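Down below is the structure, laid out as structure tokens.
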Amino acid sequence: MALIADRNTQMKDGDLLPVPVAAAVKIFAGALVAANATGYATPGAVATTLTYLGRAEETVDNIAGAAGAKTVLVRFRKAFKWLNHGADPVTQASMGKVCYIVDDQTVALTNGTATRSAAGIVVGVDADGVWVR
């Protein structure tokens, strides 16, 4: 039904959000965080079922916990500098293109023969890392 009066619509900032953490994982502050196939936060890793989220703002240890037992604050919608994979490096030619998750701090140029999930769009390449949005 359409509004017939003012509504106090709730909002979230959208840049820093608590995300329930997957079972049996530890996420370190500053880590590349992804959502697994069931939507729980997990450290970046080689997998085809991850969705890039952003950077962990805190360390959360859920090694002994069930999925969702803890939450991690994740910063979204920003560009973060990740390490560049030595054997499959992102180059300047990748500007504006997708790069891929290798682990919780590293991205690569390719999907590793369909074994890696997309990390995001390359917005800069420095000697010491790759800026990903």
Side-chain angles (χ1 to χ4, degrees):
M1 178 166 75
L3 289 175
I4 59 171
D6 293 342
R7 179 176 190 267
N8 183 10
T9 304
Q10 295 181 347
M11 66 164 260
K12 289 186 180 185
D13 176 73
D15 286 337
L16 185 62
L17 296 173
V19 181
V21 176
V25 299
K26 183 174 185 177
I27 299 173
F28 291 96
L32 184 157
V33 178
N36 65 17
T38 55
Y40 290 97
T42 189
V46 172
T48 59
T49 57
L50 301 180
T51 301
Y52 178 81
L53 296 178
R55 180 189 70 199
E57 294 297 295
E58 59 187 343
T59 298
V60 175
D61 186 344
N62 199 33
I63 293 292
K70 295 188 178 182
T71 60
V72 61
L73 287 175
V74 178
R75 183 148 324 260
F76 288 82
R77 297 193 310 225
K78 304 291 181 195
F80 300 106
K81 187 190 279 188
W82 304 115
L83 295 179
N84 202 350
H85 193 279
D88 188 11
V90 176
T91 66
Q92 188 62 39
S94 302
M95 192 66 154
K97 297 178 183 174
V98 174
C99 63
Y100 297 86
I101 301 169
V102 175
D103 58 33
D104 64 356
Q105 67 173 347
T106 310
V107 294
L109 175 66
T110 70
N111 68 8
T113 318
T115 60
R116 300 177 185 143
S117 296
I121 303 298
V122 175
V123 296
V125 180
D126 293 343
D128 61 346
V130 179
W131 290 94
V132 179
R133 176 179 45 93

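What you are looking at is a predicted structure, and each value in this text was computed from that prediction instead of being measured.
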(message) Once rounded to the nearest 0.5 Å, what's the spacing between atom SG of Cys99 and atom CG of Asn111?
(response) 12.0 Å
(request) Give me the other members of the hydrophobic cluster that Leu83 sits in, counting Ile, Leu, Val, Met, Phe, Trp and Tyr linked by side-chain heavy atoms under 4.5 Å, directly or via other members. (result) none
(request) Return the minimal non-hydrogen interatomic distance between Ala23 and Ala67, and the atom names on each side. (result) CB-N, 3.4 Å
(request) Determine which pairs satisfy side-chain hydrogen bond (donor to acceptor under 3.5 Å, both in side chains) with at least one residue from residues 41-53, sequence neighbours left out, and list them in order. (result) Tyr52-Trp82
(request) Could I get the full list of side-chain hydrogen bond (donor to acceptor under 3.5 Å, both in side chains) partners for Lys81, not counting sequence neighbours? (result) Asp126, Asp128
(message) Who clusters with Tyr40? Use side-chain heavy atoms, under 4.5 angstrom, across I, L, V, M, F, W and Y, and order the result by chain and number.
(response) none
(message) Give me each pair satisfying salt bridge (Lys or Arg N to Asp or Glu O under 4.0 Å) with a member in residues 88-112, each pair once, sequence neighbours excluded.
(response) Asp88-Arg116
(request) Return the minimal non-hydrogen interatomic distance between Gly54 and Phe80, and the atom names on each side. (result) CA-CE1, 4.0 Å
(request) Would you mind listing the cluster partners of Leu17? Hydrophobic ones only (ILVMFWY), side-chain contacts under 4.5 Å, chaining allowed. (result) Val19, Val21, Val25, Ile27, Val33, Leu53, Val60, Val72, Val74, Phe76
(message) So, using salt bridge (charged side-chain N to carboxylate O under 4.0 Å, His left out) as the criterion, who are the partners of Arg77 when residues are at least two apart?
(response) Asp15
(message) Any side-chain to backbone donor/acceptor pair from Asn62 onto Gly68? Under 3.5 Å, distance only.
(response) no
(message) For a quick test of reading the model, state the closest non-hydrogen atom pair linking Val123 to Ala79 and the distance between them.
(response) CG2-CB, 3.8 Å
(request) Applying side-chain contact (heavy atoms from CB on, under 4.5 Å), name anything that partners Ser117, two or more places apart in sequence or on another chain. (result) Leu50, Ile101
(request) Using side chain to side chain contact (heavy atoms under 4.5 Å, CB included) as the criterion, point out the one residue from Val90, Ile121, Val122 that pairs with Val98. (result) Ile121
(request) Please list, chain by chain and in numerical order, all residues satisfying side-chain hydrogen bond (donor to acceptor under 3.5 Å, both in side chains) with Thr59, sequence neighbours excluded. (result) none
(message) Test your reading of the model: is there a side-chain donor-acceptor pair from Asn84 to the backbone of Pro89, 3.5 Å cut-off?
(response) no
(request) Apply salt bridge (charged side-chain N to carboxylate O under 4.0 Å, His left out) to Arg75 and list each qualifying residue two or more places apart in sequence or on a separate chain. (result) Glu57
(request) Please step through side-chain contact (heavy atoms from CB on, under 4.5 Å) for the pair Trp131 and Arg133, ending with a clear verdict. (result) CA-CA 7 Å; Trp131 290 94; Arg133 176 179 45 93; over 6 Å; no
(request) Taking all non-hydrogen atoms of both residues into account, name the closest pair between Asn36 and Ala22 and its distance. (result) ND2-CB, 3.5 Å
(message) Tell me which pairs pass salt bridge (Lys or Arg N to Asp or Glu O under 4.0 Å) where either residue lies in residues 19-39, with sequence neighbours left out.
(response) none
(message) Quick one, Val107 and Leu32 - any side-chain contact, counting heavy atoms below 4.5 Å?
(response) yes
(request) Under the side-chain hydrogen bond (donor to acceptor under 3.5 Å, both in side chains) rule, collect the residues that match up with Thr9, sequence neighbours excluded. (result) Arg7
